[in-house]
Amino acid sequence: MSLLKKIDPMGTPVPSKCAPEKLIAGDPDFLTWALDESAAQGPVRTGIWQATPGENHSIKGETFEFCHLLDGVIELTEEGQPPRIFRKGDSFVMKPGYRGVWKTIETVRKIYVIVG
């Protein structure tokens, strides 16, 4: 078995909706291409995620998430901080304990790596 895996969204994505208790505005549709999962050093999940415009609470709890935007525009507002805009080509990290609002302005597609 190879330990090298290409990030390739050619499979069938899993559709989902925002949990009602997290939804703030809109009716966003989500698609997830879960591409890999490992538990060698704790749970690590990698994939591609897409969302249509809407606004929801984002709470990381004990997880660490790295994101790289392939398409779209979002606004993230961490509790107690001013809003920040991220666009296609931007990368960012949400560390454990992050709490805020995720607002999808233009349909977004991201590569994600979640640890924890």
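Quantities reported herein were computed from a predicted structural model and do not represent experimental measurements.
With rounding to the nearest 0.5 angstrom, the CD1 atom of I74 is 9.0 Å from the OG atom of S58.
Residues T77 and P82 approach most closely at CG2-C, 4.5 Å, considering heavy atoms.
No continuous path of ILVMFWY side-chain contacts below 4.5 Å connects L70 to W49, so the two sit in separate hydrophobic clusters.
Residue pairs meeting the ring pair (Phe, Tyr, Trp, His ring centres under 6.0 Å) criterion with at least one partner in residues 57-78, sequence neighbours excluded, do not occur; the list is empty. Screening residues 43-58 for salt bridge (Lys or Arg N to Asp or Glu O under 4.0 Å), with sequence neighbours left out, gives no hits.
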Side-chain donor-acceptor pairs under 3.5 Å in residues 13-36, sequence neighbours left out?
{"residue": "K17", "atom": "NZ", "partner": "D27", "partner atom": "O", "Å": "3.4"}
{"residue": "K17", "atom": "NZ", "partner": "D27", "partner atom": "OD1", "Å": "2.9"}
{"residue": "K17", "atom": "NZ", "partner": "D27", "partner atom": "OD2", "Å": "3.4"}
{"residue": "K17", "atom": "NZ", "partner": "P28", "partner atom": "O", "Å": "3.4"}
{"residue": "K17", "atom": "NZ", "partner": "D29", "partner atom": "OD1", "Å": "2.7"}
{"residue": "W33", "atom": "NE1", "partner": "P9", "partner atom": "O", "Å": "3.2"}
{"residue": "W33", "atom": "NE1", "partner": "G11", "partner atom": "O", "Å": "3.2"}

Check residues 92-115 and write down every donor-acceptor pair under 3.5 Å in which the side-chain atom is one partner and the other belongs to a residue at least two apart or another chain.
{"residue": "W102", "atom": "NE1", "partner": "T104", "partner atom": "OG1", "Å": "2.9"}
{"residue": "R109", "atom": "NE", "partner": "Q50", "partner atom": "OE1", "Å": "2.9"}
{"residue": "R109", "atom": "NH2", "partner": "Q50", "partner atom": "OE1", "Å": "2.7"}
{"residue": "K110", "atom": "NZ", "partner": "E65", "partner atom": "OE2", "Å": "2.6"}

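In the displayed structure, E62 atom CD is contacted under 6.0 Å by at most 12 heavy atoms of other residues, nucleotides or ligands.
The side-chain contact (heavy atoms from CB on, under 4.5 Å) test applied to K88 returns D71, not counting sequence neighbours.
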